[in-house]
Amino acid sequence: MGLETKPLSTLHEKASYDPADFDVPTGREEEWRFTPLSRLKGLHDGSAVASGGGVAVSVEAAPEVVVETVGRDDQRVGKAYVPTDRISAQAYAVFEKATVVTVPREAVASTPTVLTFTGGGGVAYGHTVIKLEAMAEAVVVLDHRGSALYADNVEFVVGDGATLKVVSLQDWADDAVHVSHHHAQLGKDATFRSFVVTLGGDLVRLSPSVSYTAPGGDADLTGLYFVDAGQHLEHRLLVDHSQPNCRSNVVYKGALQGEQAHAVWIGDVIIRVEAEGTDTYELNRNLLLTDGARADSVPNLEILTGEVAGAGHASASGRLDDEHIFYLQARGIPFEEARRLVIRGFFGQLIEKIEVEELRERVMAKVEAELAG
Amino acid sequence: MSTLEIRDLQVAVEDKEILRGVNLTVRAGETHAIMGPNGSGKSTLAYAIAGHPKYTITGGQVLLDGVDLLELGVDERARAGLFLAMQYPVEVPGVSVSNFLRSAVTAVRGEAPKLREFAKDLKAGMDALSIDPAFAQRNLNEGFSGGEKKRHEILQLELLKPKIAVLDETDSGLDVDALRVVSEGINRFRAAGETGVLLITHYTRILRYVKPDFVHVFAGGRIVEEGGPELADKLEAEGYEAYTKASA
Ligand SMILES: Nc1ncnc2c1ncn2[C@@H]1O[C@H](COP(=O)(O)OP(=O)(O)O)[C@@H](O)[C@H]1O
Ligand SMILES: [Mg+2]
């Protein structure tokens, strides 16, 4: 039975580079029960073979940053992250080239480094490593667009005292399918800021996870999604606190509109016995703008130590508040504009957190376009 | 010269009859006080006129200069010149006061105000009501104290300059200083133009600052007695007991 409740710490135990170590999902497993497997077009059972246009990776790098395209045998690949599910292992088993971005020790990248992933149709598997050596600082953008059936793994290695800010934009064409793991490994006193924006694609399943190798790590994971009719956008977060005195904060917000618009948000946080002094909070909010849309939101917090600095979670899914709309309309503001103001307000504080101004404007424009359409 | 005419208004909430035939005419230049005990239906009257979706009109009319407001949407009523200062202003997360006010002024005037002019008006309005300028950047009503919310309602009143203003317990929860500041705002609004005011209140306190021309006693969902300012003095002395017994 896949639906029984197991403690989180056992749920996330399995890790292997070999897809054969994972059963082909049936949809009954806890980690697959929300995902419409038929729409994965074979990513999950090994039948989707790389073909067609694939996904082209282009990088516009800051001058302080080193960008390499490497083969499977490169020492830096697969160091921080071992695949934790079937598709992730499948992607790891078959990708041909990996992109490795290195920010040398103490280097401060003067401009954002932008990796653009452009789907040209067909099936593709990928791997990316973003490595910040000790005390380095960088802003990295992962920009996904075009059409593809794509599975990949991204490793963020944030060295001691380093600061990495990442924006990952899933702005795919309507028919794209993307299944991805983003794993961040934080060293001593490392800072990680992730901003995920998922707008386009038929099915996107993104699993951001964070682990700590030393005390003092600080992770902020922010996400925003806008789900239209027929789309399945799934975000599965895992923060594994296994070191003392680390911090994590997860805030994901989504709006849904249209028939069969489906959002899934899973927020798992484990605070292990060793992780004394952990401070963590996770929040998910969904705004259901029409009938026929569905949001599944499951926060899970497992605390195995008695000594936490703070631990909490909250999840709420609801409709636009009639009282908000009434108040604005009672001041003459027409309904459509009142609705836009409230939705913009719902997202606004999040969007302000995007580091790169160009991107902030692009995301704002995208959200505006979603609201208008 | 604007006129608000409420004719035999009947309103239900969740199938419960609340207003049982309210008749009242407010002309520009007049201030009417509606006074009544808690639960008598005063807010129901205010919300029904403004068009709150929870309140079902089961009979009657509300005419503003001959136009039946009940046929219009909430925003259309406001643009037609109606304003409701709410008893419990709603908190709207993520929408800043300045953004909200600019949107409201634009909607009501039918064109966007010049930015500099708007900024000047806003600052003057906030100064007059002793509102900290930092409020412009705050989220609408979020974390405002009771008094701050009420000042902010009157700020909107002064910026939007409606033809008819319905003020629902704008005085409740205010300390003496705040009551004075808010009353001065209402009086500025009254002095500024040909406007009618319907002042809903439970207590006579505010009527010492904002002098009504007419006083209506509200009980059991209708007006049960009418008179001049002297009626307020009588209520002050005797309370509502006589009316609540009669309407029960
Ligand atoms: N939104 C509502 N839902 C249910 N009952 C309501 C609602 N608004 C008002 N009522 C009921 O209508 C009656 C009148 O309430 P209200 O108009 O708020 O009175 P007042 O403002 O005079 O205190 C009360 O019995 C109240 O319980
Ligand atoms: Mg009331």
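FYI, side chains are in, hydrogens and waters are out, and symmetry mates aren't considered; it's all heavy atoms of this structure. Below, read A as the first sequence line, B as the second, and so on, with proteins coming before strands; counting in each chain starts at 1.
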Looking at A:Glu137, I want to see if its CD is surrounded by more than 12 non-hydrogen atoms of other residues, nucleotides or ligands under 6.0 Å. yes

At a heavy-atom separation under 4.5 Å, does B:Pro89 approach chain A through its side chain, its backbone, both, or neither? both

Over all atoms of both residues, closest heavy-atom pair of B:Ala107 and A:Gly332: CB-O, 3.1 Å

Interface residues of residues 317-331 of chain A facing chain B - heavy atom cut-off under 4.5 Å: A:Glu323, A:His324, A:Phe326, A:Tyr327, A:Leu328, A:Gln329, A:Ala330, A:Arg331

Nearest heavy atoms of B:Ser103 and A:Leu341, plus distance in Å: OG-CD1, 3.9 Å

Can you tell me if CD on A:Glu336 sees more than 12 non-hydrogen neighbours from other groups inside 6.0 Å? yes

Identify which part of B:Glu91 has an atom lying under 4.5 Å from any heavy atom of chain A, answering side chain, backbone, both or neither. backbone

Measuring heavy-atom distances to chain B, does A:Phe347 have an atom under 4.5 Å in its side chain, in its backbone, in both, or in neither? neither

If you count the non-hydrogen atoms of other residues, nucleotides and ligands that lie under 6.0 Å from CG in B:Asp127, is the total more than 12? yes

Step through the shown structure and confirm whether more than 12 heavy atoms of other residues, nucleotides or ligands are within 6.0 Å of NZ on A:Lys165. no

Which atoms of B:Leu140 approach chain A - backbone, side chain, both or neither, heavy atom under 4.5 Å: side chain

Among B:Pro93, B:Gly94, B:Gly51, B:Gly73, which residue has the highest count of heavy-atom pairs closer than 4.5 Å to chain A? B:Gly94

Please indicate whether B:Asn23 has more than 12 foreign heavy atoms, meaning atoms of other residues, nucleotides or ligands, lying under 6.0 Å from its CG. yes

